[in-house]
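I have placed the structure first, in the form of structure tokens, so that the comments after it can refer back to it.
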Amino acid sequence: MKLLSRKATCNSHGQDSSYFLGWQEYEKNPYDEVKNPKGIIQMGLAENQLSFDLLESWLAKNPDAAGFKKDGQSIFRELALFQDYHGLPAFKQALVDFMSEIRGNKVTFDPSNLVLTAGATSANETLVFCLAEPGEAFLLPTPYYPGFDRDLKWRTGVEIVPIHCTSSNGFQITETTLEEAYQLAQKRNLKVKGVLVTNPSNPLGTTMSRTELNLLVNFISAKNIHLISDEIYSGTVFSSPGFISIMEILKERSFEDTEVWNRVHIVYSLSKDLGLPGFRVGAIYSNDDMVVAAATKMSSFGLVSSQTQYLLSAMLSDKKFTKNYISENQKRLKQRHKKLVSGLEKAGISCLKSNAGLFCWVDMRHLLSSNTFEAEIELWKKIVYDVKLNISPGSSCHCTEPGWFRVCFANMSEETLKLSMQRLKAFVDSTTKTSQTNHQSIENSRRKSLPKWVFRLSFDDRETVHGER
Amino acid sequence: MGVLSKIATNNRHGEDSPYFEGWKAFDRNPFHLTQNPQGVIQMGLAENQLCFDLIEDWIRKNPYASICTAEGVGEFKDIANFQDYHGLPEFRQAVANFMGRVRGGRVTFDPDRIVMGGGATGANEQIIFCLADPGDAFLVPTPYYPAFDRDLGWRTGVEIVPVHCDSSNKFRITRAALEEAYEKAREANINVKGLIITNPSNPLGITLDRDTLKSLVSFINEKNIHLVCDEIYAATLFCSPKFISIAEVIQEMDCNHDLIHIVYSLSKDMGLPGFRVGIVYSYNDEVVSCGRKMSSFGLVSSHTQFFLASMLSDDEFVETFLAESSKRLAKRYHIFTKRLEQVGINCLKGNAGLFLWMDLRHLLPQKTLEAEMKLWHTIVNNVKLNVSPGSSFRCQEPGWFRVCFANMDDETVDIALKRIEAFVRQGKEGGENTATRKHWQPNLRLSLKSRKCDQGVLSPHMMSPHSPMPKSPLVLART
């Protein structure tokens with residue numbers, strides 16, 4: 001009898017993907033300004049490290065929240081014992097207020113419709129457990145966050161069917177592509193239970209347009225299915241057009257008290273907006289009481305630490321702090337984004353025009369040896385091993401067009417970003433130069449610029465014996 | 001369409017069980033020493049509230065253990081950013097160290113095998129996801145922790161096959177009972193993937209003896225099925241015999257270590273259920289690897305990992321804490337059992353846990369489930385103690401009740417005991433005085449009626465069974 005479960009032995013966790021392999025390489029040789037200046041620079045991690053000083057200064061002014069105290073009195077005992085899956089009421093109130101603030105107060109949220117979970121990872125999985133049976137499917141626009149393969153499919157047994165978006169229209173969702181995806185699912189005998197979108201988009205860094213949002217509402221309405229809107233990056237919108245939440249659209253079209261209202265669910269988290277991925281704060285927001293009830297019970301498998309809930313409830317209840325944080329954070333993201341874009345431009349590389357997120361969707365199609373995914377991976381390996389930048393290849397995000405890469409800009413210092421752009425420029429320049437020289441020079445420069453692993457491989461081909469495999 | 005999944009709409013979450021009646025009675029009328037001294041005393045929550053003062057004291061003396069204090073804020077950025085599912089190395093080291101100490105240094109644990117889960121709840125679900133497919137089954141000795149139905153089976157689709165134990169041999173798990181359950185499952189074409197035990201036992205409050213543990217290991221080894229040992233109460237030992245971990249047993253026996261897994265948590269030993277610290281410790285490399293990836297769904301907040309890494313590495317504190325906690329639990333246990341004995345109520349002789357397994361079989365007019373439920377309603381609604389009936393733990397012998405003793409202060413203990421004493425006295429007098437007995441019956445009817453009303457009131461927003469103080473300022477706080 002097989003010892004372990006199918007889930008344990010398959011690879012639906014998706015961790016054999018290049019997205020994670022790049023991380024592994026980085027772990028082996030991480031860049032450090034002082035200790036390892038030639039190491040790999042991590043540009044594959046969508047983290048927001050730009051505004052910690054704001055958080056730290058708040059902490060300095062609010063010692064009670066840190067010390068398990070309320071009005072000077074210790075509440076350690078209450079916090080240590082608090083495992084109610086309804087969550088700390090003060091925290092949920094503060095969180096929905098924060099979500100509202102991010103949306104310019106154009107929508108308000110009811111804390112009793114909010115379910116706390118251990119990060120957005122858990123929120124997404126929980127929602128899928130609630131909405132679909134094993135073997136059913138969700139439609140997702142490509143390119144999408146690689147972690148979705150694990151979060152939505154692995155333990156739930158649910159399938160993902162892609163909605164193919166292309167650069168021809170800035171990767172926007174269209175009526176045609178939605179319909180095509182639905183048909184594809186039918187052909188594969190998969191019952192579609194809903195659509196899941198990330199807005200603002202990861203990896204594109206763009207907010208969804210009003211047109212797209214309306215299309216989605218029409219589509220889920222017609223097909224009688226759910227819509228999950230992962231709005232984890234909603235606080236990272238730094239320039240126009242602004243962020244339009246799906247709830248805003250529903251309100252505009254007076255969809256409250258309709259069936260559609262109950263089929264739209266939002267996922268949120270503090271990992272990107274506040275830069276606190278370690279704290280594991282995720283949330284599901286739904287207007288459907290049954291979804292809230294089921295998800296609440298499921299959240300038992302991944303509650304938010306009460307210690308963390310208390311700290312953040314104090315922080316997010318400080319409206320002066322949140323107002324300042326939201327605007328300052330966006331300002332810094334905008335600046336950093338600009339630096340990346342101009343650095344890329346200097347290297348002759350363009351990217352998708354974006355207004356949100358912690359990364360850019362970079363166009364390196366012109367650097368591919370051929371318009372294939374093999375060429376994309378070839379290029380990616382060069383960038384990881386030779387240029388020593390861990391960026392994420394579009395294929396790991398299920399992009400249908402080879403040559404696109406996601407490059408993060410908010411998880412490093414300005415100097416490191418500058419250095420990464422210098423390395424990239426040097427690489428592009430040398431690649432251009434190489435292709436301009438004659439045959440002999442090509443041989444010579446290939447010998448010099450070929451990464452070590454290619455050498456080892458070719459040696460192994462010749463030698464039949466044990467190698468360093 | 002637009003309908004929810006079967007998982008979302010079935011009742012394998014277990015919350016529709018009639019046993020929630022007890023929680024509701026408490027929620028409606030919670031005891032408070034000064035504000036509501038006639039209220040229902042919560043004795044159904046296995047919490048360890050006896051040693052918070054020790055922890056608070058440690059916190060005051062160690063401000064650098066928090067990333068939010070002036071002393072510790074230098075670590076804030078790195079810790080807030082840390083979401084690596086391997087967990088903070090210091091945290092894993094500290095937990096491995098702590099686990100070793102709890103077992104008297106008789107075994108050591110490898111920090112690289114420590115995998116996080118969202119509390120033991122998350123950890124138990126995670127290990128089942130790794131070991132079994134939907135439709136497979138796990139053997140679970142009765143009586144068992146009610147939420148196992150949810151944790152092991154709800155989203156995993158795995159079945160529970162009970163292994164019945166009774167008082168004839170102090171509820172020990174026998175080889176015969178195991179074989180019987182296993183065969184029954186096989187005949188029904190159910191694929192048994194493993195056995196899960198809780199040691200020390202919830203609800204029995206006893207540790208498993210060496211012979212039993214060895215026989216369990218040889219059973220699973222022979223059948224080539226897994227053994228999951230939930231050792232969540234390991235440090236709640238308060239008297240002999242000592243606690244023997246499965247980790248020790250496998251050191252002394254020939255067995256396939258790939259089949260052995262331990263689940264742990266800090267919710268009971270340290271009284272920190274709010275911090276959601278669940279641990280899966282497997283001797284199987286593949287399970288560690290898979291479990292680690294799955295832990296993404298329930299990582300421990302790095303804020304909490306950092307704090308605990310500091311506290312649990314303080315050997316002196318840990319030493320003191322474990323000794324003091326044990327002492328206080330022993331004291332509580334003895335106060336209860338002594339006074340209960342004086343009114344003719346016996347308990348299974350326990351040596352660990354946060355509860356007693358109380359024998360009220362002699363108070364049942366018939367040895368039936370109905371009689372147990374009737375008695376239970378009386379205790380909840382008239383005596384005003386929320387205790388847990390044995391049937392909620394799938395105990396096959398009517399008349400046993402789990403009574404928690406570590407989740408209240410000394411004054412409340414005294415009041416609870418006084419109520420039990422009064423109840424027993426009343427019962428004795430009632431037997432001699434029909435007038436008094438008649439006085440009882442209407443109360444029973446009342447309580448049944450109120451139960452009917454409550455079922456309609458069941459709403460998604462009711463208090464969860466795990467929240468300690470519905471009226472606590474935290475829960476009611478709006479600012």
Side-chain angles (χ1 to χ4, degrees), chain A residues 1 4-8 13 15 47 49 52 56 59-60 63 66-67 74 76-86 88-90 112 118 121-122 125 129-133 155 224-225 259 263 275-280 289-294 296-297 300-303 305-308 311, chain B residues 1-2 4-8 13 15 47 52 55-56 59 66 68-70 73 76-77 79-83 118-119 121-122 125 129-133 155 224 258 271-276 286-287 290 293 296-304 307 460-461 464 466-468 472 474-475 477-478:
Chain A
M1 179 181 61
L4 304 188
S5 67
R6 281 189 293 267
K7 288 177 180 73
H13 48 70
Q15 293 209 197
E47 284 175 348
Q49 295 192 23
F52 281 125
E56 286 162 349
L59 289 171
S74 170
F76 177 76
R77 186 171 161 269
E78 285 85 346
L79 284 174
L81 293 173
F82 188 83
Q83 55 170 329
D84 182 358
Y85 57 27
H86 292 101
L88 213 57
S112 58
T121 299
S122 179
E125 189 196 45
F129 264 126
C130 288
L131 305 178
E133 306 297 342
R155 306 190 308 179
N224 228 350
I225 58 179
E259 262 197 54
R263 291 205 305 271
L276 305 172
F279 287 9
R280 313 316 299 145
D289 283 347
M290 281 182 74
V291 171
V292 172
T296 301
K297 294 179 180 71
S300 298
F301 299 111
L303 298 173
S305 168
S306 59
Q307 179 193 23
T308 302
L311 172 72
Chain B
M1 267 259 240
L4 305 190
S5 69
K6 292 200 191 86
I7 291 178
H13 48 70
E15 294 195 22
E47 284 176 346
F52 286 127
I55 301 178
E56 279 172 318
I59 291 173
S66 165
C68 306
T69 55
V73 79
F76 181 81
K77 182 169 180 274
I79 299 299
N81 218 31
F82 186 85
Q83 56 171 331
T121 299
E125 189 195 46
F129 265 127
C130 289
L131 304 179
D133 292 317
R155 304 190 307 181
N224 199 31
D258 277 347
L272 305 172
F275 290 8
R276 312 317 301 150
E286 267 186 80
V287 171
C290 172
K293 295 178 179 73
S296 298
F297 298 109
L299 296 174
V300 177
S301 166
S302 56
H303 178 202
T304 301
F307 167 72
H461 302 296
S464 91
H466 304 293
S467 93
S472 104
L474 279 183
V475 177
R478 292 283 178 263

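All figures in this text were calculated on a predicted structure; none of them were measured in a lab. Order of the sequence lines fixes the chain letters, A, B, ..., with proteins taken first and strands second; residue numbering starts at 1 for each chain.
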Report task. Give the C-alpha distance, both sets of side-chain angles, the deciding distance and a yes or no for side chain to side chain contact (heavy atoms under 4.5 Å, CB included) between A:F52 and B:F76. Result -> CA-CA 8 Å; A:F52 281 125; B:F76 181 81; 3.9 Å; yes
Report summary line: In this structure, CZ of B:R276 is separated from OG1 of A:T308 (nearest 0.5 Å) by 12.5 Å
Report summary line: The interface call for A:P63 against chain B, heavy-atom contacts under 4.5 Å, is neither
Query raised in the report: For chain A, which of B:A80, B:S66, B:C290 has the most heavy-atom pairs under 4.5 Å?
Result: B:A80
**Report entry** Test item: B:S301 side-chain N/O and A:R280 main-chain N/O as donor-acceptor pair under 3.5 Å
**Finding:** no
Query - Donor-acceptor contact present, side-chain A:E133 to main-chain B:K6, <3.5 Å - result: yes
Query raised in the report: Of the backbone (N, CA, C, O) and the side chain (C-beta and beyond), which part of B:F129 lies under 4.5 Å from a heavy atom of chain A, both, or neither?
Result: both
Query raised in the report: Is it the backbone or the side chain of B:A132 that comes under 4.5 Å from a heavy atom of chain A, or both, or neither?
Result: backbone
Query raised in the report: Which region of A:A132, side chain (C-beta onward) or backbone (N, CA, C, O), has a non-hydrogen atom less than 4.5 Å from a non-hydrogen atom of chain B, or is it both or neither?
Result: backbone
Report summary line: CZ (B:F52) and CZ (A:R77) are apart, to the nearest 0.5 Å, by 6.5 Å
Query raised in the report: Yes or no on side-chain hydrogen bond (donor to acceptor under 3.5 Å, both in side chains) for A:S305 and B:T304, after CA distance, side-chain angles and deciding distance?
Result: CA-CA 7 Å; A:S305 168; B:T304 301; 2.7 Å; yes
**Report entry** Under 4.5 Å from any heavy atom of chain A - which part of B:H13
**Finding:** side chain
Requested in this report: Mind listing the closest non-hydrogen atom pair of B:C130 and A:A8 along with its distance?
Outcome: O-CB, 3.4 Å
Report summary line: Value for CD1 (B:I79) from CG (A:L276), rounded to nearest 0.5 Å, stands at 12.5 Å
**Report entry** Top contributor to chain B interface from A:C130, A:A294, A:G67 [non-hydrogen pairs under 4.5 Å]
**Finding:** A:C130
Query raised in the report: How close do A:A118 and B:G298 get, heavy atom to heavy atom, and via which atoms?
Result: CB-CA, 4.0 Å
Query - Straight-line distance of A:F279 CZ to B:L299 CG, nearest 0.5 Å - result: 13.5 Å
Query raised in the report: Where is the tightest heavy-atom contact between B:N81 and A:G275, given as atom of each residue plus distance?
Result: OD1-O, 4.1 Å
Report task. Below 4.5 Å from any heavy atom of chain B, which atoms of A:E47 appear? Answer side chain, backbone, both or neither. Result -> side chain
Query raised in the report: How far does CZ of A:R155 sit from CZ of B:R155, to the nearest 0.5 angstrom?
Result: 5.5 Å
Report summary line: d(B:C68 SG, A:L311 CG) to nearest 0.5 Å is 4.5 Å
Query raised in the report: Is it the backbone or the side chain of B:L131 that comes under 4.5 Å from a heavy atom of chain A, or both, or neither?
Result: both
**Report entry** chain B contacts, top residue of A:S74, A:P277, A:A60 (heavy-atom pairs, under 4.5 Å)
**Finding:** A:P277
